[in-house]
Amino acid sequence: MNQDKPKQPTTVIKAMPIRPKKKAVSSEMEERESLAYIAYYYPQYTLWELENVVAARDLPVLIKVAQREEAKKMLLLNNIIHGPNAKSQSNYKKVLESLKKLL
């Protein structure tokens with residue numbers, strides 16, 4: 001006797017390809033850019049040395065020091081360029097005197 005049983009619906013599961021998360025790729029790229037930034041300001045280090053030899057705790061310190069020195073340089077250039085146009089010439093004269101002392 002052939003009894004008609006209700007057919008169960010067939011579920012098809014489609015496999016999705018596994019892709020690396022974009023955050024992991026971007027964080028790796030950010031790390032490489034940080035190492036390149038340090039290598040630019042500290043030419044005694046190569047990228048390989050920064051990645052394998054220099055302690056990881058020292059990398060943020062190197063970046064901060066490089067940024068601070070760059071900011072000082074830009075501020076000094078800004079003072080030199082815009083100093084003659086300022087109403088008060090005293091700050092401009094102080095910058096020039098401090099530079100003359102270095103020479």
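Numbering of residues begins at 1 and proceeds along the displayed sequence.
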Asks: I need the Tyr41 OH to Ile63 CD1 distance, nearest 0.5 Å.
Replies: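 Those atoms lie 11.5 Å apart.
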Asks: Residues in side-chain contact (heavy atoms from CB on, under 4.5 Å) with Arg68, at least two apart?
Replies: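 For Arg68 the side-chain contact (heavy atoms from CB on, under 4.5 Å) partners, ignoring immediate neighbours, are Val65, Lys72.
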Asks: For Tyr42, give me all partners under ring pair (Phe, Tyr, Trp, His ring centres under 6.0 Å), at least two apart in sequence or on another chain.
Replies: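 With neighbours one apart ignored, the set is empty.
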Asks: Can you tell me how far the CG atom of Asn52 sits from the CG atom of Leu47, to the nearest 0.5 Å?
Replies: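 One finds 10.5 Å between CG of Asn52 and CG of Leu47.
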Asks: Apply the hydrophobic cluster definition, ILVMFWY joined by side-chain contacts under 4.5 Å directly or through others, and give me every member besides Val53.
Replies: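 For the cluster that includes Val53, the remaining residues are Trp48.
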Asks: Among residues at least two apart in sequence or on other chains, which ones pass side-chain contact (heavy atoms from CB on, under 4.5 Å) with Glu51?
Replies: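 Partners of Glu51 by the side-chain contact (heavy atoms from CB on, under 4.5 Å) criterion, ordered by chain and then number, come out as Arg32, Leu35.
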Asks: Does Asp58 have any side-chain hydrogen bond (donor to acceptor under 3.5 Å, both in side chains) partners at least two apart in sequence or in another chain, and if so, which?
Replies: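 Listed in chain order: nothing, the list is empty.
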Asks: What pairs with Ile80 under side-chain contact (heavy atoms from CB on, under 4.5 Å), at least two apart in sequence or on another chain?
Replies: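 Leu76, Val95, Leu99.
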Asks: First locate atom CG of Leu50, then atom CG of Leu59, and finally report the distance between them rounded to the nearest 0.5 Å.
Replies: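 Leu50 atom CG to Leu59 atom CG measures 6.5 Å (nearest 0.5 Å).
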Asks: Listed by chain and number, what are the salt bridge (Lys or Arg N to Asp or Glu O under 4.0 Å) partners of Glu49, not counting sequence neighbours?
Replies: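 Per chain and number, Glu49 pairs via salt bridge (Lys or Arg N to Asp or Glu O under 4.0 Å) with no residue.
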Asks: If the condition is salt bridge (Lys or Arg N to Asp or Glu O under 4.0 Å), which residues does Lys64 pass it with, not counting sequence neighbours?
Replies: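 For Lys64 there are no salt bridge (Lys or Arg N to Asp or Glu O under 4.0 Å) partners, ignoring immediate neighbours.
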Asks: With ILVMFWY side chains joined below 4.5 Å, transitively, what does Ile81's cluster contain besides itself?
Replies: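 Direct or chained contacts put Ile81 with none.
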Asks: Can you list every pair that meets salt bridge (Lys or Arg N to Asp or Glu O under 4.0 Å) and has a residue in residues 37-48, with sequence neighbours left out?
Replies: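 Listed once each, the pairs would be none.
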Asks: So which atom in Ala56 and which in Pro60 form the shortest heavy-atom distance, rounded to 0.1 Å?
Replies: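 Looking at all heavy atoms of both residues, the closest pair is O-CD, 3.3 Å.
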Asks: For Glu70, check salt bridge (Lys or Arg N to Asp or Glu O under 4.0 Å) against everything at least two apart and list the hits.
Replies: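 Lys73.
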